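Below you'll find the structure, written out as structure tokens, and then a few comments.
Note that the structure is a prediction, hence the values are computed from the model and not measured. Reckoned from all heavy atoms, side chains included, excluding hydrogens, waters and symmetry mates.
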Amino acid sequence: MLKFLWLNHNKITRITCLSNNWQLSELYLNNNEICDITGCLKHLTSLHTLLLNNNRLANLQATATELKGMTNLQILSLFNNPLAQESSYRPYIIHYIPSVQRLDRQKVVQKERDNAFKIFNPERTAVIQSLGFGRRTDSVLATKSTSKSSLRKSVPSSGNDGSVDRKNPDALEVLLLRTYQRSLMQYSLLDWTKIPSARQKRTGEQPLDKPQLLTLKFR
């Protein structure tokens, strides 16, 4: 039933005494000589506060893997460990342990979460950006440019059903033009604040600036 445990300022090198303390919510292990926490803490799913600063933790990936299953962990301190010297240390922890609200005594802000997501999940970031610009992306890692020769290979053979003759260059150009036209997406924007209101229409007043229709096209 133990919920709060202070073991800080000792010479502990390995955590071997917490296998049954699964109700712990606060654990203070700072200022020790702990080198590795693999297999020692991941069962503490109720943990809210964990202080491991001023130890000898060197493996960033192994440490994050041990802690990422703690969905209730909100306060985490890992500073003054060798792993904290890595350039990607803070965004790595923020990304792989998303429940953390305060890391190394500093509040985690949304901008840091967004940057960490872009760094460690570039494929999903590219998909989100493509959707934001009105494009459908089947494969982010696929090349965006397609040569005409590859398109020619995919054209069906000639026939009476309206298919295009592969040997006819004019027919290929028509097919390419049709393909490009189908890949266009168009958006229209209108400033509705410049549209005359019902009162202005009755009195005959006109806005100072005429409304303009802005059209954007994406391929």
Side-chain angles (χ1 to χ4, degrees), residues 1-132 137-144:
M1 302 299 292
L2 188 65
K3 292 188 176 182
F4 308 97
L5 180 59
W6 283 263
L7 291 172
N8 50 305
H9 292 278
N10 286 286
K11 295 184 179 181
I12 298 173
T13 58
R14 180 84 178 166
I15 308 169
T16 58
C17 58
L18 301 175
S19 58
N20 297 322
N21 303 110
W22 53 271
Q23 292 196 48
L24 276 174
S25 61
E26 294 186 14
L27 179 58
Y28 301 87
L29 290 166
N30 49 301
N31 298 90
N32 280 288
E33 298 179 1
I34 301 171
C35 300
D36 187 19
I37 60 171
T38 303
C40 303
L41 300 176
K42 61 182 179 181
H43 64 287
L44 303 178
T45 55
S46 299
L47 208 60
H48 175 275
T49 301
L50 176 61
L51 270 59
L52 281 166
N53 50 288
N54 293 290
N55 278 283
R56 298 181 181 180
L57 297 172
N59 193 324
L60 177 60
Q61 183 177 359
T63 301
T65 301
E66 182 70 15
L67 303 178
K68 68 180 182 180
M70 299 180 181
T71 56
N72 292 317
L73 187 61
Q74 296 187 16
I75 300 176
L76 176 64
S77 288
L78 292 169
F79 63 91
N80 288 345
N81 279 285
L83 58 80
Q85 302 301 318
E86 297 190 24
S87 58
S88 60
Y89 155 70
R90 187 172 176 89
Y92 190 93
I93 294 295
I94 291 173
H95 179 71
Y96 287 101
I97 314 177
S99 62
V100 173
Q101 304 295 322
R102 186 173 293 274
L103 176 61
D104 295 341
R105 300 175 182 174
Q106 293 183 5
K107 184 178 180 180
V108 178
V109 297
Q110 186 60 41
K111 184 177 181 181
E112 289 182 302
R113 297 190 187 278
D114 295 339
N115 291 336
F117 184 85
K118 292 178 182 178
I119 294 172
F120 298 105
N121 210 331
E123 295 182 15
R124 287 189 61 187
T125 301
V127 171
I128 292 173
Q129 290 176 347
S130 68
L131 293 176
T137 305
D138 295 330
S139 176
V140 177
L141 300 179
T143 56
K144 295 182 180 180

Show me the donor-acceptor pairs within less than 3.5 Å that the side chains of residues 7-22 make with the rest of the protein, sequence neighbours left out.
| unit_1 | atom_1 | unit_2 | atom_2 | d |
| --- | --- | --- | --- | --- |
| Asn10 | ND2 | Leu7 | O | 2.9 |
| Asn10 | ND2 | Asn8 | O | 3.1 |

Nearest 0.5 angstrom please: [X] [atom1] to [Y] [atom2], how far?
X      : Y     : atom1 : atom2 : answer
Ser77  : Asn30 : OG    : CG    : 7.5 Å
Leu60  : Ser88 : CG    : OG    : 6.0 Å
Ile97  : Leu67 : CD1   : CG    : 4.5 Å
Leu73  : Leu44 : CG    : CG    : 10.0 Å
Leu83  : Asn80 : CG    : CG    : 10.5 Å
Arg105 : Leu76 : CZ    : CG    : 12.5 Å

Between [X] and [Y], what is the shortest heavy-atom contact and its length?
X      : Y     : result
Tyr89  : Leu78 : OH-CB, 3.3 Å
Ala116 : Pro91 : CB-O, 3.4 Å
Lys42  : Thr45 : O-CG2, 3.9 Å

Measure from the side-chain N and O atoms of [X] to the backbone N and O of [Y], and report whether any donor-acceptor pair falls under 3.5 Å.
X      : Y      : answer
Gln23  : Leu2   : no
Arg90  : Leu103 : yes
Asn115 : Glu112 : no
Asp36  : Leu57  : no
Ser99  : Met70  : yes
Gln101 : Val108 : no
Gln74  : Arg102 : no
Arg113 : Pro98  : yes

- Heavy-atom check, side chain of Ile37 versus side chain of Thr63, under 4.5 Å: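 Yes, side chains in contact.
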- Query: Are Leu52 and Leu50 close enough that some pair of their side-chain heavy atoms sits under 4.5 Å apart?
  - Reply: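 Yes. Closest side-chain heavy atoms under 4.5 Å.
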- Message: Check the orientation of Phe120 and Tyr92. Use parallel for under 30°, tilted for 30 to 60°, and perpendicular for over 60°.
- Response: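 If you compare the ring of Phe120 with that of Tyr92, the planes turn out perpendicular.
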- Sequence-distant partners of Ala62, side-chain contact (heavy atoms from CB on, under 4.5 Å), two or more places apart: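 For Ala62 the side-chain contact (heavy atoms from CB on, under 4.5 Å) partners, ignoring immediate neighbours, are Thr38, Asn59.
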- Asn32 and Asn54: side-chain contact (heavy atoms from CB on, under 4.5 Å), yes or no, with the steps? CA-CA 7 Å; Asn32 280 288; Asn54 293 290; over 6 Å; no
- Message: Is it the case that atom CD in Gln61 sees more than 12 heavy atoms from other parts of the structure closer than 6.0 Å?
- Response: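 No, not enclosed.
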- side-chain contact (heavy atoms from CB on, under 4.5 Å) evaluation trace for Leu27 with Trp6: CA-CA 6 Å; Leu27 179 58; Trp6 283 263; over 6 Å; no
- Query: Thinking salt bridges, do Glu26 and Lys3 make one under a 4.0 Å N-O criterion?
  - Reply: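 Result for this pair is no, no salt bridge flagged.
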- Item | Stepwise side-chain contact (heavy atoms from CB on, under 4.5 Å) check, His48 with Asn72 | CA-CA 5 Å; His48 175 275; Asn72 292 317; 5.5 Å; no
- Query: Can you check side-chain contact (heavy atoms from CB on, under 4.5 Å) on Asp104 and Asn53, steps first, answer last?
  - Reply: CA-CA 8 Å; Asp104 295 341; Asn53 50 288; 5.7 Å; no
